[in-house]
Protein chains: 2
Amino acid sequence: MSAPRPEFARKSGSAGQRPRSRIQKRNRQIILDAALEVFSTHGFRGATLDQIALEAGLSKPNLLYYFDNKDTIHRDLLTQLLDTWLDPLRMLDPRGDPQTEIMAYMRRKLEMSRAYPRESRLFANEILQGAPRIEPFIRAELRPLVDAKAQLLTDWARAGRIAPIDPYHLIFSIWALTQHYADFAAQIGMIRGDGHDPLDGAEPFLEALYTRLLAP
Amino acid sequence: MSAPRPEFARKSGSAGQRPRSRIQKRNRQIILDAALEVFSTHGFRGATLDQIALEAGLSKPNLLYYFDNKDTIHRDLLTQLLDTWLDPLRMLDPRGDPQTEIMAYMRRKLEMSRAYPRESRLFANEILQGAPRIEPFIRAELRPLVDAKAQLLTDWARAGRIAPIDPYHLIFSIWALTQHYADFAAQIGMIRGDGHDPLDGAEPFLEALYTRLLAP
DNA sequence: GTCTATACTCTGATAGAC
DNA sequence: GTCTATCAGAGTATAGAC
């Protein structure tokens, strides 16, 4: 059904990787791609192995030859996702120019929504369900990172280099505004006309918005 | 499980309402409330009648005495929701002061996220799934409304009464920023600490944001 | 109106032939 | 590695007693 897309940034070095043949790797990737399509639209419980197998062009038992069970597939997808999900925020550089840095962060997030809308929806689905599977990650990884960057934003504001705004809401606003174009793409498409690229015009708008918001 | 909450604005006059006894109405409302809880977290396919029945404190057959099937419950919830969902935007008044009107619209949307987070998540789930059940509504009701209000915003911008910004992205930004506090409440709670109200500080932040964005 | 029992389908997962 | 056959359990829905 779905055309193969560039693999979502996979870093080497995750634990427990057994050696796999070329065909193994290839089929696992086909399955993960199909699973991403299904999980990102229907959530974990709403997705079925039948649907994933159909999407992948494999039989259900064959699919379960490559992955132990439904949960493992979903976990692997989330692991791949989270590995990359925080990179844009991590790159916010204390040594850079504040407004340039924040603007660049916003652009990186917007680019993720453009390149990886399904990953964004997978994440959105997980949060809507109360984040049962990634709660540990959010508490252990995301929260400290956000706290650190919020401190940085506060410092910048204190120094008069950006306007004095709540740093947490600033970060949330970037998440909300950029991810919206991926998560609510269906709605935007129906409103703007179906041939229309949902992200058309988004970047200039967000640039204007944050330019005006951040000016000291 | 969940405490009964104020009923989401229900307008009278929808079609096909048979006369119902007091106990009928009461139980239907209990079921709808339980169903809202479950559908808004797991989506249509991820929700089960068992879970809804448990949440409602009724047996499954009893639940199906009040509603023909799973689909009917979901449809009734969406119908109630959509009935009210567009009101904040409808109220955007051409005769009012542009900045005041847009700010008031933002506040109404934020208030909906505060008062009806589950309804917001129900809507988000439906859109994530590609809006299969509300596509007709979006095309027939939402789209023309947005087009009309976008025209109004354009007129205001042409008259120099607000900054010249893309009206569609302006509307999307209000949706994204306000609904985010309901849809991603789980994440925000884990980041800001669980005792914390997710919406704390949101209104001043959004006021500052739109004040700066809209100033001509 | 509400319950127990049950029919029937879907879904996740396994066995075993090839 | 891939398939057919199959199972156990969950899930939707109905029958029928009370």
Side-chain angles (χ1 to χ4, degrees), chain A residues 1 4 17-78 122 125-126 129 132-133, chain B residues 1 4 17-78 122 125-126 129 132-133:
Chain A
M1 187 75 85
Q17 278 194 6
R18 286 153 296 180
R20 293 192 227 281
S21 71
R22 234 176 287 100
I23 194 169
Q24 277 262 6
K25 285 183 186 165
R26 184 166 172 282
N27 272 346
R28 283 179 61 91
Q29 201 50 48
I30 287 173
I31 291 167
L32 286 174
D33 189 74
L36 176 58
E37 190 71 31
V38 179
F39 281 128
S40 66
T41 17
H42 293 288
F44 180 75
R45 289 194 348 189
T48 70
L49 292 182
D50 276 311
Q51 223 184 331
I52 297 172
L54 181 71
E55 183 92 13
L58 297 170
S59 68
K60 196 163 44 163
N62 197 7
L63 187 153
L64 286 164
Y65 167 78
Y66 288 100
F67 291 88
D68 284 350
N69 49 46
K70 183 181 177 180
D71 210 84
T72 304
I73 306 176
H74 192 255
R75 189 186 321 280
D76 276 22
L77 279 176
L78 278 181
L122 181 71
N125 251 310
E126 173 69 9
Q129 287 156 37
R133 293 169 188 81
Chain B
M1 186 77 85
Q17 279 192 6
R18 286 153 296 181
R20 294 191 226 280
S21 69
R22 233 175 288 95
I23 193 169
Q24 277 263 5
K25 284 183 187 166
R26 184 167 171 283
N27 273 344
R28 283 180 60 93
Q29 200 51 48
I30 287 173
I31 291 167
L32 285 175
D33 188 75
L36 176 57
E37 190 72 30
V38 179
F39 280 130
S40 65
T41 31
H42 294 287
F44 180 75
R45 289 194 348 191
T48 71
L49 292 182
D50 275 311
Q51 224 186 330
I52 297 173
L54 180 72
E55 183 90 14
L58 297 170
S59 67
K60 198 161 42 164
N62 198 5
L63 187 153
L64 286 165
Y65 167 78
Y66 287 100
F67 291 88
D68 285 348
N69 50 46
K70 183 181 177 180
D71 211 83
T72 304
I73 306 177
H74 192 255
R75 189 185 321 279
D76 276 23
L77 279 176
L78 278 181
L122 181 72
N125 251 309
E126 173 68 11
Q129 288 155 38
R133 293 170 188 79

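Below, read A as the first sequence line, B as the second, and so on, with proteins coming before strands; counting in each chain starts at 1.
Between A:D50 atom CG and C:dA13 atom P there is a gap of 12 Å when expressed in whole angstrom units.
The side-chain heavy atoms of A:I73 and A:Y66, taken from C-beta on, include no pair separated by under 4.5 Å.
Closest-nucleotide positions on DNA chain C for B:Q24 and B:R45 were compared, and the one nearer the 5' end corresponds to B:Q24.
Relative orientation of the B:H74 and B:F39 rings is perpendicular, given thresholds of 30° and 60° on the angle between their planes.
Across all strands shown, A:A47 has heavy atoms under 4.0 Å from sugar-phosphate atoms exclusively, and none from any base. The residue B:L58 sits apart from the nucleic acid: no heavy atom pair falls under 4.0 Å.
Considering only side-chain N and O atoms, B:Y65 lies nowhere under 4.0 angstrom from the phosphate OP1 or OP2 of C:dC3. OP1 or OP2 of C:dT4 has not a single side-chain nitrogen or oxygen of B:N62 nearer than 4.0 Å. For C:dC3, the OP1/OP2 oxygens have a side-chain nitrogen or oxygen of B:S59 closer than 4.0 Å.
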Measure all distances between protein nitrogen or oxygen atoms and nitrogen or oxygen atoms of nucleotides 13-15 of chain D, and list the pairs falling under 3.5 Å.
unit_1	atom_1	unit_2	atom_2	d
D:dA13	OP2	B:K70	N	2.9

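Applying the side-chain hydrogen bond (donor to acceptor under 3.5 Å, both in side chains) rule to A:S59 yields no partners; only residues at least two apart in sequence or on another chain are considered. Looking at residues two or more places apart in sequence or on another chain, you find a salt bridge (charged side-chain N to carboxylate O under 4.0 Å, His left out) between B:R133 and B:E126.
No donor-acceptor pair under 3.5 Å is formed between the side chain of B:Q29 and the backbone N or O of B:K25. Side chain of A:E55 to backbone of A:Q51: no donor-acceptor contact under 3.5 angstrom is found.
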